[in-house]
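Labels below follow one simple rule: chain letters A, B, ... track the order of the sequence lines, proteins then strands, and each chain is numbered from 1. Being a predicted model, the structure only gives us computed values, none of them experimental.
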Amino acid sequence: MTAERADLAIVGAGPAGLAAAATAAGIGLRVTVLDEQPGPGGQVWRGLERRGGDRAGIDLLRRVRASDAVLRSRTTVVDVGFGGDEPVVTWLDGDRVGRTMARALILAAGAIERTVPFPGWTLPGVMGVGALQTALKSGGLVPDPRDGGLVIAGRGPLVLLYLSQVLAAGGTVSAILDTAAPGRSLATLARRLPAALLGDAAGFVRGAMLLARRALSRVPVHRGVRRLVAEGAERVEAVRFTDAAGDHVLPCSVLGVHDGVVPNTQIGRLLRLDHDWRAGQRCFAPVTDDYGRASRRGVWVAGDGAGIEGAEAAQLAGRLAALDAARVIGVLSEPAFANQAPSLLRRRAGLQMARRFLDALDPPRDPAVELADGTIVCRCEEVTAGEIRSAIAAGAGGPNRAKTATRCGMGACQGRMCGPVLSQIVARETGRPVGEVGALRIRPPLKPVPMGAIAALATGDPFDPEEL
Amino acid sequence: MSGFRRSREALVDATITVDGEPVAAVEGESVASALIAAGRAGFAVSGKTGHRLAPYCLIGACFGCLCEIDGRPQVQACLEPVRSGMVVRTRNPEPPHDR
């Protein structure tokens, strides 16, 4: 077993994690970054080293590589705990286990696509638009127009971004089913627009260009789409939906769905960090201060894992968390901190205004409302909404009791996909706020661990930080 | 029928073995991506309903792509880069052919 010591351990090598690592290493902290993807960059900068990409990302990575920081890719965090006051991260690299003990821990685990179950969503060929983007970046996969091709059903910036990327790669998209709700309050939007424009003018230009590209592409768009149903025998063959004009069926060989992204809170939940329910983004997120400091000493959360703000804000958050951690450890003086932090906070505040505008433009809906009893909520254990509602009616008043009663959230993904939906079903059935209903309890290991690795942890050289 | 094809830029330069059959792949892409491109998006058959289980997220969250890779069980194929010569076993009782 590898046992190492660092001043700062960072989980995640996306925009927040890389920015935190570059900043901390620049101050002179010993940094270890743990990331489970094949290479650094996170999702938004996937393939940064293999394929190149975003200039800010390449610059950050170059700074991290040039420093003494240890960057461990393909390394999965399986447990996080405390040795005395200090965070200890247990990880798995293939069959090898290791432990990193640090004086401070920054969680920069990013976001995952929001789960909104609908009939047929477990059929092969139905995937998140983020997953389609990953397949495009990873293996150059573009939709094949035969058998109906790709239909995208969703909303939000990622749909527009993927459309532009897949068309540029020579792919075709058969139709877009826009699931954003019509009839948003124009007064609210108008009130938020000036600050949002000032906060992220570049972002608005990018958004306008993506909208223009969608219009130029002549991909048919159906608006106000509801009641999605994926149909097929062995895999998806058609999508059924309703809009203002009535009911429709479109053939398709791939159905991409997207309802925005939510923070990946798995490690924070394992650490029992305080989380609250963000009504505007309909997600749980850890409670932090402006610098990312969480409710347990020695732990910071930065980037989309602390609430969705996008890649640019994530870099600022990563830098702020690293500066604050360095200050707490005692490596960065108060004046040096005060010299750097305020301008980062100001820039981030502008981006947050723009994000609030986007959130108000297209607020996420409660996935429990349209959810039919026959629809599978938990993919791993194939538990339906009806089974969950029966368990709640029989007295399972919270997500953890509903899990025990139905096995929803008990499978391999450990509730990553179904957990937030389960909480929202319980909230709706019991008439309580989601924040009060809470979330699934997360326990180690966070991912499957081979028995040999567990044995190495138990019987290998005992972890003794004094020896390091 | 996989629903996908490779873009012009993708260089198919690797071969892996999936359930005993050769599958063309791109060195360094994820094993899940290679299986999806080959029309093998059903990675397992559920014991509960008999439905096919398939990858959904491709970023390590949904666990729909678990398979055995080079003898290691329960590997998330979306997190595993392809190396030519890899031996992959899906959790299907018989090798699937989507059509």
Side-chain angles (χ1 to χ4, degrees), chain A residues 36-39 43 46-47 50 74 76 94-95 110 112-113 115 121-128 130-136 138-150 166 169-171 234-236 252-254 264 266 376 379-382 411-414 416-417 447-448 450, chain B residues 1-12 25-44 46-66 69-76 78-82 96-99:
Chain A
E36 73 175 349
Q37 300 294 327
Q43 298 310 328
R46 170 175 287 272
R50 194 170 149 237
R74 297 188 61 197
T76 295
D95 285 340
I112 58 175
E113 291 190 89
T115 298
W121 75 299
T122 56
L123 280 170
V126 182
M127 300 166 83
L132 296 175
Q133 189 190 40
T134 301
L136 173 63
S138 176
L141 266 58
V142 295
D144 185 331
R146 285 177 295 173
D147 296 312
L150 168 66
V166 78
E234 285 288 286
R235 57 173 295 138
V236 66
C252 62
S253 51
V254 180
N264 177 1
Q266 216 73 1
I376 286 174
R379 299 172 70 89
C380 302
E381 298 290 323
E382 295 176 293
C413 95
Q414 301 179 325
R416 285 172 173 84
M417 304 298 286
K447 295 256 172 137
Chain B
M1 200 273 295
S2 75
F4 293 94
R5 60 179 181 79
R6 302 279 188 182
S7 74
R8 291 180 293 273
E9 287 76 25
L11 180 66
V12 177
V26 175
E27 187 88 21
E29 76 170 320
S30 73
V31 171
S33 158
L35 265 67
I36 290 168
R40 293 168 175 269
F43 281 55
S46 139
K48 182 173 173 182
T49 62
H51 295 154
R52 282 217 186 281
L53 306 179
Y56 184 80
C57 81
L58 293 186
I59 61 168
C62 79
F63 285 70
C65 65
L66 285 182
I69 300 181
D70 288 339
R72 282 184 295 135
Q74 307 265 326
V75 178
Q76 290 183 283
C78 70
L79 296 178
E80 194 72 19
V82 160
H97 291 283
D98 285 356
R99 281 275 162 90

Heavy-atom distances under 4.5 Å only: say whether [X] touches chain B with side chain, backbone, both or neither.
| X | result |
| --- | --- |
| Gln414(A) | neither |
| Pro450(A) | neither |
| Arg50(A) | side chain |
| Gln43(A) | side chain |
| Val142(A) | both |

Between Ala10(B), Ser46(B), Ala25(B), the one whose heavy-atom pairs under 4.5 Å with chain A are most numerous: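 Maximum pair count with chain A is reached by Ser46(B).
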So which atom in [X] and which in [Y] form the shortest heavy-atom distance, rounded to 0.1 Å?
| X | Y | value |
| --- | --- | --- |
| Glu9(B) | Ala169(A) | OE1-O, 4.5 Å |
| Ala54(B) | Pro124(A) | CB-CA, 3.6 Å |
| Cys62(B) | Met417(A) | CB-SD, 3.6 Å |
| Leu58(B) | Arg46(A) | O-NH2, 4.1 Å |

Is it the backbone or the side chain of [X] that comes under 4.5 Å from a heavy atom of chain A, or both, or neither?
| X | result |
| --- | --- |
| Leu11(B) | neither |
| Arg72(B) | side chain |
| Pro73(B) | neither |

With rounding to the nearest 0.5 Å, note down the distance linking [atom1] in [X] to [atom2] in [Y].
| X | Y | atom1 | atom2 | answer |
| --- | --- | --- | --- | --- |
| Arg235(A) | Arg52(B) | CZ | CZ | 11.0 Å |
| Ile59(B) | Ser138(A) | CD1 | OG | 13.0 Å |
| Cys57(B) | Arg416(A) | SG | CZ | 9.5 Å |
| Arg146(A) | Ser2(B) | CZ | OG | 8.0 Å |

Between [options], the one whose heavy-atom pairs under 4.5 Å with chain B are most numerous:
| options | answer |
| --- | --- |
| Thr122(A), Val126(A), Leu136(A), Val166(A) | Val126(A) |
| Leu150(A), Leu141(A), Asn264(A), Val254(A) | Leu141(A) |
| Pro143(A), Ala135(A), Gly171(A), Gly149(A) | Pro143(A) |
| Gly39(A), Gly140(A), Gly110(A) | Gly140(A) |

Residue pair Leu132(A) / Phe4(B), side-chain heavy-atom distance below 4.5 Å: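 Yes, close enough: below the 4.5 Å cut-off.
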Side-chain heavy-atom pair Gln76(B), Thr76(A) within 4.5 angstrom cut-off: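 No, every pair of side-chain atoms sits at 4.5 Å or beyond.
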Exam field: side chain Lys447(A) to backbone Gly60(B), donor-acceptor pair closer than 3.5 Å: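 Judged by distance alone, yes, a pair lies under 3.5 Å.
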